[in-house]
Amino acid sequence: MFELYLDTADIHQIIRYNACLPIRGITTNPSILARANTGLSEFLPKVTEVLGEQARIHVQVVTESTDAMCNEAFNLRKLPFDIVVKIPATETGLAAIKILKSQHIPVLATAIYSAQQGFLAALCGADYLAPYVNRIDTTGASGISVVADLQALIDRHQLPGKLLPASFKNTQQVFGALKAGVSAITIPAEIANELLTHPAVQPDVDSFNQNWRAVFGQTLPFES
Ligand code: G3P
C-alpha cells in the first residue's frame, strides 16, 4: 500500500491537504518543528485530531551518540501515538538502528545521500529509508538516480525497508521518485499545491460548465 506523507508541521496545511488527499501521516525534522515553533505535546494531538488515530508521525532524534539516540527513541515510543523514530544514517545512527530494531522499534533512516549508505541502513533493519532528493541534487549528484539505485538494491535483495524519499523542490523530482517505484513519499505543502494546480485545468473546467449553462441554464445533468 503506497504511503503519502506531508513534510510539514503547519497544521493549516495538514487540514487543507488531508481534505483532498489520502494522507498516511506526517514527517517532521527538528528544523520543521522549530520553524513551526511547536513541541510534540502540542503537535501530536493536533495531528491526530485532523488525520485520525491511525496517523503515522515520523519524529527525528536530536542527540548524536548511539546511547542518547536510543534513549530518545525509547521515550518517543512511550508517547501514545504511532511514532516512527527518524535516525540519521551515520555510523552512530546505524548502531542505534541495530539496537532499536532488536527491540522492534519502528525506524526511518534519514539523511541518505547515496544508494550505498541507504543500503547499509536497510541491512541494519530500517523500516523506512529517506534519500534527500533535492539536497542530493544540490551537491551535483542526481537525487533521482540515488532513489532508483537504492530501490533496485532493495528489490534485488528483497529487503523489507521502504523508500520514503524526502526533500523535494519541484514536481519533476516527485515524478522521478515515483517512476523509480518507491512505495512511500513525503512532500512539503508547496509541492502538494503544485501537484494539484496545472494552469490548463481550471480553464477547461470553466469552459465545460459555461457550455452546459449556455444550453441548460441552472439545470443539473441528472435533472436534464
Ligand atoms: O527531513 C528531511 C527533509 O524534509 C528535508 O527537506 O526541503 O529541507 O531539503 P528539505
Side-chain angles (χ1 to χ4, degrees), residues 3-18 21 23-52 55-97 100 105-113 117-118 121 126-139 143 164-170 173-174 177 184-195:
E3 298 180 29
L4 175 63
Y5 291 88
L6 288 175
D7 202 23
T8 182
D10 183 333
I11 203 71
H12 301 292
Q13 300 289 4
I14 294 170
I15 292 169
R16 175 179 173 188
Y17 291 110
N18 182 56
L21 294 172
I23 303 299
R24 175 70 182 88
I26 300 299
T27 55
T28 66
N29 63 36
S31 305
I32 287 173
L33 289 170
R35 204 179 305 131
N37 195 18
T38 180
L40 293 183
S41 57
E42 178 192 4
F43 182 64
L44 296 174
K46 275 190 191 169
V47 169
T48 305
E49 194 182 320
V50 176
L51 299 185
R56 179 160 290 174
I57 302 154
H58 295 250
V59 180
Q60 189 166 328
V61 298
V62 296
T63 51
E64 278 142 47
S65 75
T66 298
D67 284 350
M69 285 191 267
C70 288
N71 182 49
E72 272 195 75
F74 292 133
N75 280 296
L76 281 169
R77 286 290 299 173
K78 285 182 190 158
L79 300 174
F81 301 92
D82 180 7
I83 292 180
V84 176
V85 183
K86 291 178 68 174
I87 307 277
T90 58
E91 181 176 348
T92 50
L94 292 186
I97 290 171
L100 293 171
I105 303 288
V107 170
L108 177 148
T110 195
I112 292 174
Y113 278 78
Q117 180 199 8
D127 303 274
Y128 294 93
L129 307 156
Y132 285 179
V133 176
N134 190 68
R135 291 188 187 215
I136 293 169
D137 285 351
T138 59
T139 69
L164 197 166
S167 181
F168 292 101
K169 289 290 174 284
N170 61 63
Q173 292 170 329
V174 174
I185 201 166
T186 185
I187 53 173
E190 311 83 68
I191 296 298
N193 183 53
E194 282 183 37
L195 287 166

### Message
If the test is side-chain contact (heavy atoms from CB on, under 4.5 Å), which one of Leu164, Ile187, Ile26 qualifies with Tyr5?
### Response
Leu164
### Message
For Thr186 and Phe168: C-alpha separation, side-chain torsions, deciding distance, then whether side-chain contact (heavy atoms from CB on, under 4.5 Å) applies.
### Response
CA-CA 8 Å; Thr186 185; Phe168 292 101; 5.5 Å; no
Would you give the length of the straight line joining atom [atom1] of [X] to atom [atom2] of [Y], rounded to the nearest 0.5 angstrom?
X      : Y      : atom1 : atom2 : value
Ser167 : Asp137 : OG    : CG    : 8.0 Å
Leu195 : Asn170 : CG    : CG    : 10.0 Å
Ile15  : Ile23  : CD1   : CD1   : 12.5 Å
Lys86  : Thr110 : NZ    : OG1   : 4.0 Å
Asn18  : Leu6   : CG    : CG    : 8.0 Å
Ile14  : Glu49  : CD1   : CD    : 11.5 Å

Any side-chain heavy atom of [X] within less than 4.5 Å of one from [Y]?
X      : Y      : result
Glu72  : Val85  : no
Tyr113 : Ile136 : yes
Glu64  : Pro88  : no
Phe43  : Thr28  : yes
Leu33  : Leu40  : yes
Leu4   : Ile185 : yes
Arg56  : Tyr128 : yes
Pro106 : Arg77  : yes

Contact summary for [X] and [Y], nearest pair of heavy atoms:
X      : Y      : result
Ile97  : Ala109 : CD1-CB, 3.9 Å
Ala55  : Leu51  : CB-CB, 3.6 Å
Thr66  : Thr92  : OG1-O, 2.9 Å
Gly118 : Leu129 : O-CD2, 3.5 Å
Tyr17  : Ala189 : OH-O, 3.6 Å
Ala177 : Pro165 : CB-CG, 4.2 Å

### Message
One pair to check against side-chain hydrogen bond (donor to acceptor under 3.5 Å, both in side chains): Asn75 and Asn71. What are the steps and the verdict?
### Response
CA-CA 6 Å; Asn75 280 296; Asn71 182 49; 3.3 Å; yes
### Task
Return yes if a side-chain donor-acceptor contact under 3.5 Å exists between Thr8 and Gln13, otherwise no.
no
### Task
Mark yes or no for whether Gln117, through its side chain, and Ala111, through its backbone, hold a donor-acceptor pair below 3.5 Å.
yes
